[in-house]
Structure formats: C-alpha cells, structure tokens
A.B. asks: 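Dropping the structure in here first, questions after.
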Protein chains: 2
Amino acid sequence: MTTARTGAGRASPRGRRAARSTGDDRETAILATAERLLEQRAFGDISIDDLARGAGISRPTFYFYFPSKDAVLLTLLDRVTEEADAAAGDVLVRLAEDPRARWRELIQRFHETFGAHRALVLACAQVRGTNAEVRRLWAAVLERWVQAIEAAIEAERRRGAAPDGLPARDLAIALNSMNERVWYATFAGDGPAVDERDVVDVLLDLWMAGIYRDTATPPST
Amino acid sequence: MTTARTGAGRASPRGRRAARSTGDDRETAILATAERLLEQRAFGDISIDDLARGAGISRPTFYFYFPSKDAVLLTLLDRVTEEADAAAGDVLVRLAEDPRARWRELIQRFHETFGAHRALVLACAQVRGTNAEVRRLWAAVLERWVQAIEAAIEAERRRGAAPDGLPARDLAIALNSMNERVWYATFAGDGPAVDERDVVDVLLDLWMAGIYRDTATPPST
DNA sequence: GATGACACTCGACAGGGTGTTGACTGCTGT
DNA sequence: ACAGCAGTCAACACCCTGTCGAGTGTCATC
C-alpha cells in the first residue's frame with residue numbers, strides 16, 4: 001500500500017532469486033494467467049482464486065507473490081508501458097527530418113503496442129478508477145509522454161515549423177488525452193468508435209492540425 | 001439485467017405513483033444520498049447499506065426501490081445527460097451566425113453541466129468499465145452527440161465554411177473523445193490535466209483547428 | 001548428520017459485502 | 001370486515017478477500 005515499488009508488487013523481502021527457481025516460475029505463471037484470463041472476461045470477474053488455480057497454487061499462496069489482484073495488473077501495466085516506450089524509440093528527436101512521417105510513426109507504434117495488449121490496457125483503464133496505485137502509475141507514465149510531446153512541439157516552434165498558439169503543455173495534454181480515449185473506444189468496441197484500420201490516420205490528422213494548424217506538409221530540414 | 005429500462009431501475013411493477021407519496025420520497029432520498037456521498041468518497045467505497053441508511057431505510061428495503069447500486073448511478077446519469085442536452089440547446093443549428101462563438105458556447109455549456117456534477121460524472125466514467133448498463137447508456141448518449149456534431153460539420157462543409165478532410169463522423173468521434181478525457185482529467189485532478197479555467201479555450205482551439213483547419217475566424221453568414 | 005534458517009505452501013478462519021426470502025404492518029377501496 | 005397491495009426489515013445463504021498459523025522441503029553450517 002505504501003511500498004515504493006519498482007518492478008513488482010512482491011510481498012516478501014528481497015533476496016531470494018538465484019537457485020530454487022520455483023518462486024519466479026510461479027510469479028510469471030500468475031502474470032501469464034492474468035493476461036490470458038483478461039482476454040476472456042473482465043478484470044472484475046476474475047477472482048484471486050482463478051489466478052491462483054491458473055498458476056497451479058492455492059489462494060493463500062497467491063498472497064506470497066502479490067499483495068492483491070490489482071498488484072498483478074500493476075506489474076503487467078508497468079511492462080506494457082516500458083514496451084511502448086521502447087517502441088516509440090527516438091522518433092521525436094528526428095522530427096525535423098520529416099515531421100508528418102515521424103509523428104505518424106510515433107502514433108503507429110503506440111497503436112501497435114496497445115493493440116497487442118488491448119485486453120490488459122482496457123482492464124487498466126477500468127481499474128484506474130478504483131485503484132490509486134494504478135492511477136498513480138498511469139499518471140506518471142502519461143506525465144512523461146506529455147513532457148516529451150511538449151518539448152517536441154516547442155522545438156518545432158523554435159525552428160519555425162509550427163506556429164505559436166496554445167501553451168505547448170496544454171496542447172500535449174489534449175492530444176494525448178484524445179489518443180487515449182479514442183484508442184479505448186476502438187479497442188473496447190462499444191459506443192461510437194473509429195475503425196481500427198483508420199484510427200492512426202484520424203489521430204495523426206488531428207495532431208497535425210493542432211500542432212501545425214494546417215494539413216499541408218510542414219517543412220523538413 | 002435485461003429490462004428495457006426507461007428512466008429508472010425500478011424493481012417493482014409500474015403503477016403505484018399517485019397517493020402514498022412515501023415511495024417516491026424514499027426514491028429521491030436514495031438518489032440524493034448517492035449524489036451527496038459521491039462528493040465525499042468513491043463509488044466503490046459506498047455500500048448499499050450507506051445508501052439505505054442515508055435515506056432512512058434498511059438495506060432490504062433499498063432493493064424495493066432499485067435493483068442494485070449501479071441502477072442508482074444509472075438514474076443519476078440519465079438525469080445529467082438530459083440536463084446537458086437541455087443546456088446545449090440549439091446552438092448547433094445557429095452555427096452560421098458566428099461559428100467560433102457558437103462552438104465555444106456548446107463546449108462551455110457542457111463544461112458547466114459536467115462541472116456542476118463532477119463527482120457523479122467521475123463515478124460514471126469509472127463504473128462504465130464494470131457495468132454494462134452504464135456502458136450502454138453512455139454509448140447511446142455519446143452516439144447522439146456524435147451524430148449531432150457530425151451533421152453540424154457536414155453543414156459547415158456544405159456552406160463552404162469548413163474544408164473537406166477526415167470523414168465527418170471520425171472527426172466528431174475524435175473531438176468528443178478528446179473532450180471527455182480532458183474533462184475527466186481536469187475534474188479528477190490526478191495526472192497531467194489542463195487547468196479548469198483554461199480547459200474550454202484549449203478544447204475550442206483544437207475543435208477549430210480540426211474542423212476549420214485554421215485559427216482564423218471562419219466566415220459567418 | 002543434526003540443526004537452524006528460510007522459501008514456500010495451504011487449511012481454516014474472520015470479516016464485509018451482496019442479493020433473497022418470508023413474515024409483518026398498515027393503508028385503501030369495496 | 002376484508003382482500004390486496006405498497007412498503008418494511010430480520011435473518012439467511014453466498015461469495016470474495018485477506019490473514020494466521022502450522023506445516024514441508026531444502027539449503028549452509030558446525
């Protein structure tokens with residue numbers, strides 16, 4: 001509940017690892033079971049008992065590895081956001097090469113990463129409402145991304161490629177928020193949603209409009 | 001669970017009303033208690049017993065009025081969306097008068113309505129993840145709004161005020177999604193968010209950029 | 001080759017929430 | 001006077017969570 005947490009929600013003290021691999025095996029088994037079950041039903045309909053049985057252990061034993069069901073999700077979420085960061089790579093620093101293509105690449109990569117783990121991402125979005133830890137982690141991740149986008153927009157403005165306008169931070173927040181909600185609707189498939197095949201181009205179009213105020217290709221180096 | 005539902009989640013058959021007002025009194029007392037409690041703690045931390053005691057009845061009696069805790073939220077949500085619809089009024093049909101001012105009015109009115117019931121709106125967004133009824137209701141409301149915006153964009157394009165570009169429906173979905181998520185972050189106050197005083201102008205700016213591709217004032221009649 | 005330490009396991013319990021049942025009360029119309 | 005129904009709740013059955021305590025097997029060390 002107040003653990004500093006980095007990586008996993010381990011209940012016991014550090015220091016095992018090495019030798020006796022059963023422990024880590026079980027942990028990954030729980031994680032795998034969670035991601036598998038998440039593709040079949042909602043997070044709320046998965047009990048700790050389901051997770052435990054899926055990993056071949058009893059419910060009390062589950063608590064040896066994770067302090068709660070939410071902690072499992074948190075670990076999974078941590079993993080996916082790292083994957084997304086890696087997928088994004090350094091496109092933002094290469095923006096000047098060909099802005100539209102680079103922004104598209106960024107959005108496309110995120111789309112692919114989230115799409116590959118849609119069940120998990122959807123579950124996190126839901127749990128975020130009820131779990132403070134997930135909320136905090138997501139807020140921190142989002143803050144990083146917002147800052148990166150903000151810096152990129154400011155760089156584009158400095159080199160004269162993008163006009164001044166809204167504070168770059170507000171623009172970055174709004175665009176990120178749009179992506180998040182649009183992806184959610186697309187992957188969840190309920191309510192009005194953009195078709196999965198079009199979503200990258202729709203988002204890109206609005207990013208370009210918001211940042212460059214124009215659909216014409218912005219100047220490259 | 002499979003009731004057609006219109007208005008409220010009544011458990012008993014229709015036909016009481018009139019005379020013996022106690023029934024309706026209790027019902028509104030439950031509703032009022034829910035909205036009050038929602039301002040103090042999260043929906044998940046409010047038990048049916050809290051709602052019942054707040055309304056001066058016992059837990060089983062609660063079930064006489066509503067089939068579940070979620071049904072209370074559903075009724076409240078229905079009420080707020082109606083309020084938002086009323087607040088929006090007919091601004092969209094008067095767009096040509098002064099597009100920017102009318103769009104601003106639309107966004108501003110929604111902002112005020114949601115802001116006035118932020119605790120409720122936040123709770124609904126959370127529960128939407130776990131409750132199919134809330135999800136359906138929200139999807140239906142959103143669909144109405146998306147269609148209205150879509151029609152307005154197409155009208156603007158027909159009169160030559162807005163350029164062609166993205167399919168109007170996709171544009172409408174993306175802009176509505178952006179608003180929803182941005183407001184959520186602003187009202188929830190966790191994670192990166194636009195300041196409440198600026199949020200209407202930030203959203204408006206992106207709507208204008210997305211629809212008219214230009215910050216210059218679009219032509220009025 | 002006994003001993004202690006520790007990773008790991010689970011049966012059994014306590015607690016808190018939900019939804020249902022069945023009996024009860026008191027109007028209200030006939 | 002009485003049938004009927006809105007309205008009420010104590011008590012129950014159920015499910016899920018989290019904890020406690022008593023294990024078991026495997027190491028390193030003496």
Side-chain angles (χ1 to χ4, degrees), chain A residues 1-3 8-31 33-34 37 41-74 127 130-134, chain B residues 1-3 8-31 33-34 37 41-74 127 130-134:
Chain A
M1 202 132 276
T2 39
T3 41
R10 178 74 33 69
S12 61
R14 264 73 203 19
R16 51 187 181 75
R17 330 231 124 264
R20 288 292 298 291
S21 65
T22 34
D24 284 331
D25 287 353
R26 302 270 142 131
E27 192 172 317
T28 53
I30 292 173
L31 257 10
T33 304
L37 254 33
R41 45 199 151 118
F43 187 67
D45 293 336
I46 298 172
S47 71
I48 290 183
D49 207 54
D50 295 332
L51 256 25
R53 299 214 170 278
I57 55 178
S58 71
R59 206 166 54 78
T61 300
F62 167 91
Y63 287 99
F64 180 80
Y65 294 101
F66 292 95
S68 70
K69 203 172 60 160
D70 290 357
V72 176
L73 204 59
L74 204 59
V127 171
T130 56
N131 181 288
E133 293 238 41
V134 172
Chain B
M1 199 132 277
T2 37
T3 41
R10 178 76 33 69
S12 60
R14 263 73 202 20
R16 49 187 184 76
R17 333 231 121 263
R20 286 294 295 292
S21 66
T22 33
D24 284 330
D25 287 354
R26 302 272 144 139
E27 190 173 318
T28 53
I30 293 173
L31 258 10
T33 304
L37 254 32
R41 43 196 151 121
F43 187 66
D45 293 336
I46 299 172
S47 71
I48 290 183
D49 207 54
D50 295 332
L51 257 24
R53 299 211 171 280
I57 54 177
S58 72
R59 205 167 54 77
T61 300
F62 167 93
Y63 287 100
F64 180 81
Y65 295 100
F66 292 95
S68 70
K69 204 172 59 160
D70 291 356
V72 176
L73 203 59
L74 204 59
V127 171
T130 56
N131 180 289
E133 293 237 42
V134 172

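Worth saying up front: this structure is predicted, and the values here are computed from it rather than measured.
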A.B. asks: Round to a whole Å and report the spacing from OH of B/Tyr63 to P of C/dG22.
C.D. replies: 17 Å
A.B. asks: Atom CG of A/Asp24 and atom P of C/dA7: how far apart are they, to the nearest Å?
C.D. replies: 13 Å
A.B. asks: Between A/Ile48 (CD1) and D/dT17 (P), how many Å, whole number?
C.D. replies: 5 Å
A.B. asks: Any donor-acceptor pair, under 3.5 Å, between the side chain of B/Arg59 and the base of C/dG19, if you only look at N and O atoms?
C.D. replies: yes
A.B. asks: Starting at CZ of B/Phe62 and ending at P of D/dG7, how long is that distance when rounded to a whole Å?
C.D. replies: 15 Å
A.B. asks: Of the nucleotides C/dT9, D/dT17, C/dG17, which one has an atom closest to the side chain of A/Phe64?
C.D. replies: C/dT9
A.B. asks: Can you tell if the side chain of B/Ile57 reaches within under 4.5 Å of the side chain of B/Ile30, non-hydrogen atoms only?
C.D. replies: yes
A.B. asks: Can you measure A/Arg53 atom CZ to C/dC10 atom C1' for me and round it to whole angstrom units?
C.D. replies: 11 Å
A.B. asks: CD of B/Glu27 to CZ of B/Phe64: how many Å apart, nearest 0.5 Å?
C.D. replies: 10.0 Å
A.B. asks: Without decimals, in angstroms, what is the distance between B/Asp70 CG and C/dG19 C1'?
C.D. replies: 13 Å
A.B. asks: Please assess B/Leu51 against B/Phe66 for the test side chain to side chain contact (heavy atoms under 4.5 Å, CB included), listing each intermediate value before the final yes or no.
C.D. replies: CA-CA 11 Å; B/Leu51 257 24; B/Phe66 292 95; over 6 Å; no
A.B. asks: Closer than 4.0 Å, any side-chain N/O of B/Ser58 to the OP1 or OP2 of D/dT8?
C.D. replies: no
A.B. asks: Expressed as a whole number of angstroms, how long is the span from A/Asp49:CG to C/dA12:C1'?
C.D. replies: 14 Å
A.B. asks: With a 4.0 Å limit, can you tell me whether A/Thr61 has a side-chain N or O closer than that to the phosphate oxygens OP1/OP2 of C/dC10?
C.D. replies: yes
A.B. asks: Rounded to the nearest 0.5 Å, how far does OG1 of A/Thr61 lie from CD1 of A/Ile48?
C.D. replies: 12.5 Å
A.B. asks: Side chain to side chain contact (heavy atoms under 4.5 Å, CB included) between B/Phe43 and B/Asp70: does it pass, once the steps are laid out?
C.D. replies: CA-CA 9 Å; B/Phe43 187 66; B/Asp70 291 356; 3.4 Å; yes
A.B. asks: Which nucleotide, D/dA11, D/dT17, C/dG19, lies nearest any side-chain atom of B/Pro60?
C.D. replies: D/dA11
A.B. asks: Would you say a side-chain N or O of A/Arg26 is under 4.0 Å from OP1 or OP2 of C/dT9?
C.D. replies: yes
A.B. asks: For B/Lys69 and C/dG19, give me the distance from atom NZ to atom P, rounded to whole Å.
C.D. replies: 9 Å
A.B. asks: Just N and O in the side chain of A/Tyr65: are any of them under 4.0 Å from OP1 or OP2 of C/dT9?
C.D. replies: yes
